[in-house]
Amino acid sequence: MDLNSTNASPVLTDPSPLNESRLGIHSSLFPYSQSGPSFSTSVLSIPRKKPPKLDDGRSNSWLEAMRSSSPPRKKILKEVNIDVSSDDADVAYLSWMIKYPSALNCFPQIMRQARNKQIVIFLDYDGTLSPIVDDPDRAFMSNEMRSAVSNVAKYFPTAIISGRSRDKVYELVGLPELYYAGSHGMDIMLPVENTLATDDANCIKATDQQGKEVNLFQPARKFLSMIDEVFRTLVEKTKDIKGAKVENHKFCTCVHYRNVDQKNWSVVGEYVVDVLKGYPRLRLTHGRKVLEVRPEIDWDKGKAVEFLLESLGTYVAPSYFHVEIDWTKEKQIRALAYQIHVLRGKYNGYGILVSTIPKESKACFSLKDTSQVKKFLESLAKTREVEEDTGERS
Ligand SMILES: O=P(O)(O)OC[C@H]1O[C@H](O[C@H]2O[C@H](CO)[C@@H](O)[C@H](O)[C@H]2O)[C@H](O)[C@@H](O)[C@@H]1O
């Protein structure tokens, strides 16, 4: 497989000239060859229009961005000129998987590559451990998923890195044996013995849900009252918009418009943009039918991954898997930074995108949905259990 060829993209063109280094793995890991299965070229070459930035000052740019956030499956397939029959959808997905192979299909190769390394698992919550649902307060993970996560954590350090507040995501996951980073990585809880940066002004002492002493690393501490103020203003502003929901994630806040009538999306966007005019140190990003307001600091989920790897003492020979639903925008930039580390031999990381639809990404592998995430976690735990039983690894 020619990893440098941008023509290999099944749906969207990746402008990166560094595909192999972007993937951070040897091409032999890939199950398909360039001369392998052939797919319709109309599927292969039409790039999807990039959603405009929310905060670029152009009128209505935020509305366009809101519309293109999580477009329905049918719309995406139309954009790449595919008649929307389920067979075609499957072909589109399969061709996309040439570039983003299934982490399940590649599992043996992935494990070979990670041999003799300390595997660390980073998991997103929404859309990764729990399916996307209309009501964010009802995004529960199944007991089967909980036990898969708990089981994998017996063998590998496992962290949840979510856009939600740390407390909320802990409440939803409920596994004390994991590490948690909330507010898009801006709120990290660590055991005292693992914290490297104790003299950092952003690091404070606290107790966890079990009353154990821990350290909190909170690089956006000084934004706490500003975020709270913005949260309250947004609640007030949007209170008459049916379906709008504002969440306070402590170091960031967000406005959901999934349940707002589409004709009112512009009003939601206008209100948020308007409120933010008074806060030049905050920025606006968008996720799945959600506008997210966060501090303009050089910190994100990617930085949190690096921070955790180093703090947990896995710095020397880690191999990490970061399973995430949204490898987009700034997360892509950070993902690219991971690959630079990989080239330097520092980390051996695999970004895994969870998506049911073809999507441009900086991830290395894909999983289709939460049930495949569960299978992947079960396979990881099973492999290590067998290795321990057979004495291959003590
Ligand atoms: O970084 P993440 O952990 O993926 O957080 C992103 C947002 O996730 C949640 O919203 C998303 O899931 C909801 C429940 O399925 C869904 O209703 C919503 O439309 C999605 O955007 C969470 O509620 C947000 O606060 C996070 O920003």
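In each ligand, atom 1 is the first atom listed, and ligand 1 is the first ligand listed. Below, all heavy atoms of this structure are taken into account, side chains as well, without hydrogens, waters or symmetry copies. Please read all numbers here as calculations on a predicted model, not as lab measurements.
In terms of N/O distances under 3.5 Å, ligand 1 is not approached by Asp135. By the 3.5 Å distance cut-off applied to N or O atoms, Glu292 is counted among the residues near ligand 1.
Listed by atom number, the atoms of ligand 1 under 4.0 Å from Lys301 heavy atoms are 1 (O), 2 (P), 3 (O). Those atoms of ligand 1 that come under 4.0 Å of a heavy atom in Asp134, given as number and element, are 17 (O). Near His249, meaning under 4.0 Å from any of its heavy atoms, are these atoms of ligand 1: 24 (C), 25 (O). Atoms of ligand 1 lying under 4.0 Å from any heavy atom of Cys254, numbered from 1 in the order shown and given with element: 25 (O). Below 4.0 Å from some heavy atom of His184 lie the following atoms of ligand 1, by number and element: 1 (O). Which parts of ligand 1 touch Ala139 is read off a 4.0 Å heavy-atom cut-off, strictly below it: atoms 14 (C), 15 (O). Numbered from 1 in the order shown, with element, the atoms of ligand 1 that lie under 4.0 Å from a heavy atom of Pro131 read 15 (O). For ligand 1, the atoms lying closer than 4.0 Å to a non-hydrogen atom of Glu247 are 22 (C), 23 (O), 24 (C), 25 (O).
Using modelled atom types and a 3.5 Å distance limit, the side chains of Ser371 and Asp369 yield a donor-acceptor pair. Between the side chains of Glu247 and Thr253, not a single donor N or O lies within less than 3.5 Å of an accepting N or O. No donor-acceptor contact under 3.5 angstrom links the side chains of Glu292 and His249, judged on distance only.
Asp126 has no carboxylate O lying under 4.0 Å from a charged side-chain N of Arg288, or vice versa, which leaves the two without a salt bridge.
Here Arg288 has heavy atoms under 4.0 Å from ligand 1 in both its backbone and its side chain. With a 4.0 Å heavy-atom cut-off, ligand 1 is reached by the side chain of Val290 but not by its N, CA, C or O. Residue contacts with ligand 1 for Ile132 involve both N, CA, C or O and side-chain atoms from C-beta outward (heavy atoms, distance under 4.0 Å).
The closest donor-acceptor contact from the side chain of Trp96 to the backbone of Ile357 lies at 3.5 Å or more, if one exists at all. Judged by distance alone, the side chain of Asp124 and the main-chain N or O of Thr128 form no donor-acceptor pair under 3.5 Å.
Among all heavy-atom pairs drawn from Val275 and Lys237, the shortest one is CG2-CE, 3.9 Å.
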| Intermediate values then yes/no, ring pair (Phe, Tyr, Trp, His ring centres under 6.0 Å), Phe365 and Tyr100 | CA-CA 5 Å; Phe365 295 104; Tyr100 305 99; 9.7 Å; no
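A distance of 6.0 Å or more separates the ring centres of Phe251 and Phe223.
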